[in-house]
Amino acid sequence: RERHYMAKDQATSDLIVSAAHEVMTGANLSVDKLDLIIVATDTPDYISPSTAAVVQHKLGAANAGTFDINTACAGFVTALDVAGKFIAADEQYTHILVAGGYGMSKFLNYDDYKIATLFADGAGAVLLRATNDDYGILTSKLIADGQYHDYMGIYAGGTFMPTTKDVIDRKDNLLRFAKKIPLETNATLWPKLVNELLARMGKTPSDIDRY
């Protein structure tokens with residue numbers, strides 16, 4: 001029924017900072033306690049530097065390391081998985097802010113209603129804390145099928161297609177579906193992934209309360 005777009009003078013980092021303030025307030029934790037900020041986005045403020053560095057500056061989280069993750073729709077869960085592994089592997093990481101930000105309105109071709117009506121803007125954040133309690137991420141697995149890399153994306157702006165006037169005139173700097181992803185892709189890959197993780201935990205599909 002509706003789409004939410006950022007203001008013209010806003011960037012993806014602004015949406016993330018707003019979400020981050022909410023989660024830090026909810027956790028009653030000051031930003032100086034953050035050890036790491038991971039931002040998942042495929043609509044960054046810049047190609048370089050990282051959007052996470054911008055978020056760190058705007059938050060005033062001077063003690064936090066930063067980096068971005070770009071795995072498109074899988075960005076947030078990928079960042080969450082990475083953060084969990086950081087905490088498990090290195091005791092210096094006690095508090096990690098994981099944020100997902102999306103500012104696709106800046107890259108939409110509004111003449112293509114089939115694409116433009118699908119996308120909007122937003123951000124979310126979570127705070128991970130090291131603990132000795134028996135809970136956390138139970139198990140995880142990251143998969144990818146790289147053959148579809150040129151099926152949908154924003155293809156201008158990188159080394160393969162630097163942004164030029166010709167590129168902008170062709171609107172190659174905007175989101176586009178270059179090819180049609182096979183309909184069976186999700187129906188094939190998701191059950192396979194879920195069943196593999198359940199088997200790893202000794203569980204069956206009926207043991208799960210929420211999908």
### Query
In terms of heavy-atom contacts, does NE2 of His21 have more than 12 from other residues, nucleotides or ligands at under 6.0 Å?
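Counting neighbours around NE2 of His21, more than 12 heavy atoms of other residues, nucleotides or ligands fall under 6.0 Å, so yes.
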### Message
Please determine whether the number of non-hydrogen atoms from other residues, nucleotides or ligands lying under 6.0 Å from atom CG of Asp133 exceeds 12.
### Response
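More than 12 heavy atoms, drawn from other residues, nucleotides or ligands, come within 6.0 Å of this atom.
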Do NZ/NE/NH1/NH2 and the carboxylate oxygens of [X] and [Y] come within less than 4.0 Å?
X      : Y      : result
Asp121 : Lys106 : no
Asp112 : Lys114 : no
Lys85  : Asp81  : yes

### Task
Determine the interplanar angle of the Phe119 and Tyr102 rings, folded into 0 to 90°, and report it as parallel if under 30°, tilted if 30 to 60°, perpendicular if over 60°.
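Phe119 and Tyr102: tilted rings.
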#### Entry: side chain to side chain donor-acceptor pair (under 3.5 Å): pairs with one or both residues in residues 150-160, sequence neighbours excluded
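Output for this query lists Asp150-Lys179.
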Taking the side chain from [X] and the backbone from [Y], do they hold a donor-acceptor pair closer than 3.5 Å?
X      : Y      : answer
Asn195 : Lys192 : no
Asp207 : Lys203 : no
Asp172 : Val167 : no
Asp42  : Asn70  : no
Thr41  : Gly101 : yes
Asp45  : Ser13  : yes
Arg176 : Gly153 : no
Gln56  : Gly65  : no
Asn63  : Asp35  : no
Thr185 : Pro182 : yes

#### Entry: Polar side chain donor-acceptor pair, Thr164 to Asp166, under 3.5 angstrom
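Side-chain D/A pair, Thr164 to Asp166: absent.
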[X]-[Y] co-clustered via ILVMFWY side chain contacts under 4.5 Å:
X      : Y      : result
Met104 : Leu174 : no
Val23  : Ile16  : yes
Leu108 : Ile168 : no
Ile38  : Ile137 : yes
Leu118 : Ile154 : yes

#### Entry: From CA spacing to verdict: side chain to side chain contact (heavy atoms under 4.5 Å, CB included), Leu197, Lys141
CA-CA 7 Å; Leu197 294 181; Lys141 180 179 176 62; 3.8 Å; yes
### Member of Ser50, Pro49, Pro44 meeting the side chain to side chain contact (heavy atoms under 4.5 Å, CB included) criterion with Tyr46
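Looking at Ser50, Pro49, Pro44, the match for Tyr46 under the side chain to side chain contact (heavy atoms under 4.5 Å, CB included) is Pro49.
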Atom pair [atom1] ([X]) and [atom2] ([Y]), whose distance is rounded to the nearest 0.5 Å:
X      : Y      : atom1 : atom2 : value
Tyr110 : Thr117 : OH    : OG1   : 11.0 Å
Met201 : Thr139 : CE    : OG1   : 6.5 Å
Ile96  : Leu34  : CD1   : CG    : 9.5 Å
Ile87  : Thr94  : CD1   : OG1   : 8.0 Å

[Y] and [X], any side-chain heavy atoms less than 4.5 Å apart:
X      : Y      : result
Lys33  : Ser30  : yes
Val39  : Thr66  : no
Leu59  : Ile37  : yes
Glu22  : Met24  : no
Leu128 : Val126 : yes
Phe86  : Leu36  : yes
Asn109 : Leu175 : no
Ser18  : Leu15  : no

Which heavy atom in [X] sits nearest to a heavy atom in [Y], and how many Å separate them?
X      : Y      : result
Val98  : Ala79  : CG1-CB, 3.7 Å
Asn173 : Ala156 : CA-CB, 3.6 Å
Ala130 : Tyr93  : CB-O, 4.0 Å
Gln10  : Met6   : O-SD, 3.2 Å

### Message
Run the side chain to side chain contact (heavy atoms under 4.5 Å, CB included) test against Asn28 and tell me which residues pass, sequence neighbours left out.
### Response
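With neighbours one apart ignored, the set is empty.
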### Query
So Met161 and Arg170, side chain to side chain contact (heavy atoms under 4.5 Å, CB included) or not? Walk me through it.
CA-CA 12 Å; Met161 188 188 299; Arg170 294 197 310 266; 4.2 Å; yes
### Verdict with supporting geometry, His149 and Gln147, side-chain hydrogen bond (donor to acceptor under 3.5 Å, both in side chains)
CA-CA 6 Å; His149 75 276; Gln147 67 175 313; over 6 Å; no
### Task
Go through the steps to decide whether Phe76 and Thr78 satisfy the test side chain to side chain contact (heavy atoms under 4.5 Å, CB included), and finish with yes or no.
CA-CA 5 Å; Phe76 187 83; Thr78 301; over 6 Å; no
### Task
Could you give me the CA-CA distance, side-chain angles and deciding distance for Leu29 and Leu127, then say whether side chain to side chain contact (heavy atoms under 4.5 Å, CB included) is met?
CA-CA 10 Å; Leu29 189 77; Leu127 181 67; 3.6 Å; yes
